[in-house]
Undergrad: 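Supplied in structure tokens, the structure appears directly below.
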Amino acid sequence: MLTFKADQPVAGNALLRAIQEQSGARVQDCYQCGKCTAGCPVSSFMDLMPRQVMRAVQLGQADLALHSSTIWLCASCETCSARCPMEIDVAGVMDALRHLALARGIQPAEKNVVLAHRVFLESIKRLGRVYEVGVVAGLNLGTLHPFANVVDVGLPMFLRGKLNIIPERATRGEVKRIFVNVKGT
Amino acid sequence: MARIGVFVCRCGSNIGATVDVKKVVEALGQTPDVVFATDYMFMCSEPGQTLIQDAIRDHNLDRVVVAACSPTMHFRTFSSAIQRAGLNPYMLEMANIREQCSWVHPDKAVGTPKATDIVRMAAAKTRWFEPLYPREIGVTRRALVIGGGVAGIQAALDIANAGVPVVLVERSPSIGGRMAQLDKTFPTLDCSGCILTPRMTEVSQHPNITLRTWSEVATVRGFVGNFEVDILQKPRYIDESKCTGCGECLTRCPWKGFPLEFDEGLGTRSAVYRPFPQAVPNKPVIDPETCMALKSIAEDADRLPDPLTGAAPKRKPKCGLCQKTCPREAVDFFQQPKIMTEKFGAVVLANGFRLFDPTVYGEYGYGRYPDVITSIQMERLMNAAGPTGGEIRRPSDGKHPRSVVFLACVGSRDEHVGRPYCSKICCMYTAKHAIMLKEHDPHVQTYVFYMDVRAGGKGYDEFVRRAQEEYGACYIRGRVSKIYPDGDHLVVMGEDTLMGMPVQVEADMVVLATGVQPQADAGDMARKLGISYDGYGFINESHPKLNPVESNTAGIFVAGMTIGPKDIPESVSQASAAAAKVLGLLSQPTMLGEAMISAVSQARCTGCFTCEQVCAYNAVERVTLRDGRQVAQINEGLCKGCGVCATACPGKVINLRGFSDQALLAQMNALFTLPEVVAVD
Amino acid sequence: MYTYSYFPGCSLHGTAKEYDHSLRLVAGKLGVELQELEDWSCCGATAAHSTDELLALALPARNLRLAAMTGRPLLAPCVMCFNRMRVTQHQLENPARRQAVEAILAEAAGRPVGEPATAPSQPPVEVLGLLQAFGNDEMLAAIEAAVTRPLKGLKAVCYYGCLSVRPPEIVHPDSLENPQVMDRLIAKLGAEVLDWPFKTECCGGSLALARIDIVLALGRRLLSMARSVGADCVVTACPMCHSNLDTRQKQINAKFGESFKLPIYYVTELMGLAFGYSASDLWLNKHLTA
């Protein structure tokens, strides 16, 4: 149940302000028409509809929004933002919620998605570029499916020479330092 | 010596809360020439006015300052009050200490000295007042109605029935407007044509109405009571006095297949056409873009004359079948446009609206997929006189649709396309379509994607409920994101926000409930009339609550959709209201003009006519005096008293009555010679 | 004709190397010179912007700086890289963000902090994607002229995906919902370009890593529509879309009991074929779906 206390105005609540500042989106303008959800390619896989996440932000319900699978299944296709009649950057709101969830250390509803991002970024940090084989291997290990995609996708790709076994390296650690600096800010 | 009375209003707490009214009265009481000063709670009320009138008599006041709200609110009120007490109505100055003081400064310590200054300045100004007497202006007892839709028709009939001659100008070939395109009207499901055409016929046969269709208003000159209007009558190429409307020409014309505007792109017409069978007047029109005869004449006109003989090329038009067929010889390919200049005392603007073009929504596929149509196109399909004879058929293959999806709010409530407003009628007409579709075919399933259902009129909500309860319309709350074709049908992607789930609906046809917007040339028309309009092109009413059918320009009234979205009952009501206002205006043979206008001291005028150049109202006339000098003269009917001429005149020979140079200088002096100058933050 | 700084991005050096290869071949034929950006690094793609705003700006900004120093426009054929570069440029118009990012980059590169990334007189780098670089009238004319073997009889649908058109205020597509630039280009190659309603529908992108079920479902929907309008193949400019539709087609068939046999071509591969290169020249055998 949603409860609203007399001394806690819901207009301009902390979550709303934080998301607006981060993404520039005027979430309070949302009139819940549902066009974002209707055009979202992955909405049928989500627990909360994108529209409901917007509602949660309007009502200051951080738990609902940040624990949803919605924010992690969002593919950033930007269809929602492009078609929103109130010109709200819904995809930007999803980004901001993702950042907030990670900053608060919330257990993501889609562990594997976050794991994939981490493995991907780890590759960039170490090598300056993505080592695709390493990313897939890292993900497979992390999800305890060591042989996922190996036979039906990995092997054919390898046979056609699409997989670099030896990773490319670039920038001599400069990218690693970028990661460190970002963490430090 | 002037005898000034000062009356300071508290206006409840509007002034009293942030201005110490008693202090203002005290300060004014010590001002020279102020023989009486007092305050009251509501000066505009009856006891307040009586207070002023009593003071005028008791203290022999010859001029009055009322310190209160803006003069646009109550100048007239106090003016007539002092007139009833025997003073000239212009011996009054209102000092605005509400909008310009008490409502702006929440701190009494700031508001009170400022209010005192304002009232002192007003008092100083009144010392220079003189009685003013407005002129009587003649009134032309004729009315012009622009626009032949239901609002224009109603206004014209109401005015004509009162015995006042009316000219009704309509730019399409027939009157009837949008309502003539409709099949049925909500919530009664009356046949639209059946209730409208009797009125249309009444207009055409009314002895007091001159109907000018296929005509436009070209220019408007003049002022209230005395308008002069040029009406351009476009050539029909058919002599209306001879044509009986038999329709023979229509059957013979071989040039067919052109889009019929009345059918919104779904039907066709020939080069000579009538927009619909019940057109009034029932006389066809020939389209010069598509008529072979007219095109050949136009081409010939471009040809140079014969170099040897100098003769113009022989212009025997091609085709001409309609002319040969016409039993009354009414076809005239050489008919010329005519401009008729007529005089009117009042104008009613009822030029209606157009619908939003949904092509801009690429995601809906209008214009790309033939089975995505607009609501007005649906009306034409439903109409028995329409392009499919009243059968609901898909534009793509002519089949009857089994599943029809409606989208509400297309081009309304949408910031992204610059139309944030609600178009008011779409929820109702969509429910009507859902009901009518089921009436046409009991096997049809309708879906309506809506955001909110707006059904505020009498019987309206019940009507929408009926669509769902009796006619099985499935209402899904949510906006549609995309429509796409899949094989034989369309797929509509939306969300059922009440279920919180995305939905996909297979549709044979999709109807977009497009919003309303002003005519494309609404701004041009408004500028011709000198009236103001908003950012969308809707005409601004004088006051949205209390003066809903008057424009900001005296003598120009407005009615119908041109002001803003509304349904037929509201359009008809506004039309009758505008007619009543017109009849009021035209009920007397003369009217009083404005008294606070400019006047030229012709003895000192050098005839430079700078005033003429700066006057926005074309109110300066050139006259020749007996000694041969040409000097300026202000037309007292056109002058609005803006004062630009008075400031521009290099010789300072123009005086704006009520705002003379001496009065304004005295007003400034009163501020700057005060011992303390108030600093406002 | 044109010289670009070239940003291949990680995919074009990896699993999408046939895109890089075919691009180089056709660029050569059209007089377009590509100079690979020296020491470029990953743009961060989805992973960066989904997890850290500053990182998502810093990674592309590093490359933008390198590109600015070359003084040439930057061509990024991978639509994700193209998108990230442009979004970063847009975001860095905010002075506070720009300052923060430049400080991070300067420190990481061992430059004194405060040195501007580009000289004040230099305009920002012009970033182009494949369709921007090859879709203008001048290039279309050159492409038409370079065709020696028109692709007669080939029925293609053009799959733009998300990032070729969205966000519209960053990418400035010719049309948000019904773009034509790729269609026009492919038509110039002599192929029959079919209209279809899924030009800009999402393939699922990088969800392929963690939620392959979603990507397979979306892929099936796309291939199904392509087949239903009568296409022989699907053309794309995005390595992610290509991967999701090509390398996963067999999995799609298996999971849904379908029998799709729709080759997925990069724009540059079809161009190469039309310019006279053979399938083996173009490394078309690298596709999983023949």
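A note on names: the letters A, B, ... follow the listed sequences, proteins ahead of strands, and every chain is numbered from 1.
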Undergrad: Whether A/Lys35 and B/Asp414 form a salt bridge (side-chain N of Lys/Arg under 4.0 Å from carboxylate O of Asp/Glu) is what I want to check.
TA: no

Undergrad: Classify the angle between the aromatic ring planes of B/Tyr450 and B/Tyr475 as parallel (below 30°), tilted (30 to 60°) or perpendicular (above 60°).
TA: tilted

Undergrad: About how many Å separate CG of A/Leu48 and CG of A/Leu73, when rounded to the nearest 0.5 Å?
TA: 11.0 Å

Undergrad: Is it the backbone or the side chain of B/Tyr361 that comes under 4.5 Å from a heavy atom of chain A, or both, or neither?
TA: side chain

Undergrad: Need one label for B/Met493: side chain, backbone, both or neither, based on atoms under 4.5 Å from any heavy atom in chain A.
TA: both

Undergrad: Any cation-pi pair here, B/Arg419 with B/Phe356, using under 6.0 Å and within 45°?
TA: no

Undergrad: Please look at A/Met86 and chain B and tell me whether the side chain, the backbone, both or neither of the residue comes under 4.5 angstrom of a heavy atom of that chain.
TA: both

Undergrad: Need one label for A/Cys84: side chain, backbone, both or neither, based on atoms under 4.5 Å from any heavy atom in chain B.
TA: backbone

Undergrad: Taking every heavy-atom pair that is under 4.5 Å apart, which of A/Gln52, A/Met49, A/Arg83 has the most such pairs with chain B?
TA: A/Arg83

Undergrad: Atom CD1 in B/Ile483, atom CG in B/Asp371: separation rounded to 0.5 Å?
TA: 11.0 Å

Undergrad: Which one of B/Glu415, B/Glu495, B/Gln504 has the most heavy-atom pairs closer than 4.5 Å to chain A?
TA: B/Glu495

